[in-house]
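These numbers were taken from a predicted model, which means no experiment stands behind them.
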Amino acid sequence: MTLYYLIIIFLIPLSIFDFETFTIPNHINLIFLFTGLYLTNLQYVEPLGDFSAILVLHLFYYLFYGSVGYGDIKLFSVLTLITPLNFFLYILIFTYLIGGLFVVLINLYKSNRVDKVPLVPFITNGILIVFYMYEDIHLIYAGGFL
């Protein structure tokens, strides 16, 4: 539960800040990283898996430059280090499912197309869904094997 509260304490204000400015301050990411690593006692750090995930995130950023902000990539990198890898993958899936659905709905109802949306509110919602429904998600998506 400590990790849950830490994530909520950091991500709700970051969501508001990202919504208003489309930026994520580096110092908040660093404080979030060090606090998360300290509170989890490095128990969720899997060097090979986390390095691979961070590498894929950065590759995604460079391949789709402009589609996602680098602050979001850095926040995802922090989340992969302070949560288990399968938990992080579910967060990633639900972030883009919720965000994509939101953008499609907004574009259907607005006359002008939305080009940019803040991602941190969707990351926060994805984390909340994964925290509350982890067992069901794990059973459905991975068959309990991850």
Side-chain angles (χ1 to χ4, degrees), residues 1-46 49-138 140-142 146:
M1 288 306 286
T2 305
L3 182 61
Y4 172 76
Y5 291 127
L6 172 76
I7 288 173
I8 296 306
I9 285 171
F10 275 94
L11 287 184
I12 299 253
L14 268 179
S15 296
I16 295 167
F17 191 80
D18 189 32
F19 186 77
E20 293 174 354
T21 65
F22 289 98
T23 59
I24 301 170
N26 286 331
H27 67 280
I28 300 295
N29 258 344
L30 285 173
I31 293 169
F32 187 31
L33 172 67
F34 291 126
T35 307
L37 290 175
Y38 176 75
L39 289 177
T40 59
N41 292 324
L42 303 175
Q43 81 183 47
Y44 299 126
V45 175
E46 302 170 23
D50 290 341
F51 178 74
S52 300
I54 292 169
L55 187 66
V56 167
L57 286 169
H58 282 80
L59 184 64
F60 177 76
Y61 173 74
Y62 287 113
L63 288 176
F64 300 104
Y65 184 78
S67 299
V68 65
Y70 195 63
D72 299 319
I73 297 299
K74 290 187 284 189
L75 182 61
F76 276 134
S77 298
V78 169
L79 288 172
T80 194
L81 290 170
I82 65 172
T83 59
L85 191 57
N86 60 347
F87 194 89
F88 170 73
L89 293 175
Y90 298 144
I91 291 169
L92 197 63
I93 290 168
F94 277 93
T95 296
Y96 283 103
L97 281 175
I98 296 167
L101 182 63
F102 177 79
V103 168
V104 167
L105 290 175
I106 290 296
N107 282 333
L108 284 175
Y109 289 109
K110 284 189 102 175
S111 59
N112 54 345
R113 186 171 178 213
V114 174
D115 292 331
K116 232 174 132 175
V117 293
L119 193 61
V120 179
F122 301 115
I123 294 171
T124 305
N125 286 320
I127 286 175
L128 290 174
I129 289 171
V130 172
F131 260 117
Y132 285 118
M133 300 177 62
Y134 175 74
E135 294 297 325
D136 297 329
I137 293 168
H138 187 61
I140 291 168
Y141 282 106
L146 281 179

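Legend: ring-ring contact (aromatic ring centres under 6.0 Å, His included) pairs involving residues 50-71, not counting sequence neighbours, sorted by first then second residue: H58-Y70, F60-F64, Y61-Y65, Y61-Y70.
Closest approach of L119 to D18, counting heavy atoms only: N-OD2, 3.2 Å. In terms of heavy-atom proximity, I137 sits nearest to V130 at CD1-CA, 4.0 Å. Nearest approach of L14 to P25, heavy atoms of both residues: CD2-CD, 3.8 Å. Closest non-hydrogen pair, S15 versus T124, comes out as OG-OG1, 2.8 Å. The minimum heavy-atom distance linking A53 with T80 is given by the pair CB-OG1, 3.8 Å. Heavy atoms only, all atoms of each residue included: I73 and L57 are closest at CD1-O, 3.5 Å.
One finds the NZ atom of K74 at 8.5 Å from the CG atom of L30 (value rounded to the nearest 0.5 Å). F17 CZ to I24 CD1: the interatomic distance, rounded to the nearest 0.5 Å, is 9.5 Å. Within the model, atoms OH of Y96 and CD1 of I91 stand 12.5 Å from one another, a figure rounded to the nearest 0.5 Å. Summarising the geometry, atom CG belonging to L39 is positioned 10.5 Å from atom CD1 belonging to I7; distances are rounded to the nearest 0.5 Å. How far CD1 of I9 is from OG1 of T2: 10.0 Å, rounded to the nearest 0.5 Å. Taken from NE2 in H138 to OH in Y90, the straight-line distance is 5.0 Å, to the nearest 0.5 Å.
Using a 4.5 Å cut-off on side-chain heavy atoms (C-beta onward), F94 and I127 make no contact. In this structure the side chain of T40 never reaches within 4.5 angstrom of the side chain of L81, judged on heavy atoms. In this structure the side chain of L101 reaches within 4.5 angstrom of the side chain of L105, judged on heavy atoms. Contact check for L6 versus F32: side-chain heavy atoms found under the 4.5 Å cut-off.
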L92 and F76: CA distance, side-chain angles, deciding distance, side chain to side chain contact (heavy atoms under 4.5 Å, CB included) verdict: CA-CA 8 Å; L92 197 63; F76 276 134; 3.6 Å; yes
Working for side chain to side chain contact (heavy atoms under 4.5 Å, CB included), residues I31 and F10: CA-CA 9 Å; I31 293 169; F10 275 94; 3.5 Å; yes
Working for side chain to side chain contact (heavy atoms under 4.5 Å, CB included), residues L79 and I123: CA-CA 10 Å; L79 288 172; I123 294 171; 3.7 Å; yes
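Here S67 pairs with nothing under the side-chain hydrogen bond (donor to acceptor under 3.5 Å, both in side chains) rule; sequence neighbours left out. Under the side-chain hydrogen bond (donor to acceptor under 3.5 Å, both in side chains) criterion, Y132 pairs with Y4, not counting sequence neighbours.
Checked against the 6.0 Å centroid criterion, the rings of F87 and F131 qualify as a close aromatic pair.
The backbone N or O of V68 sits nowhere less than 3.5 Å from a side-chain atom of D72 that would complete a donor-acceptor pair. No donor-acceptor distance shorter than 3.5 angstrom exists from the side chain of N29 to the backbone of V78, with no hydrogens or angles considered.
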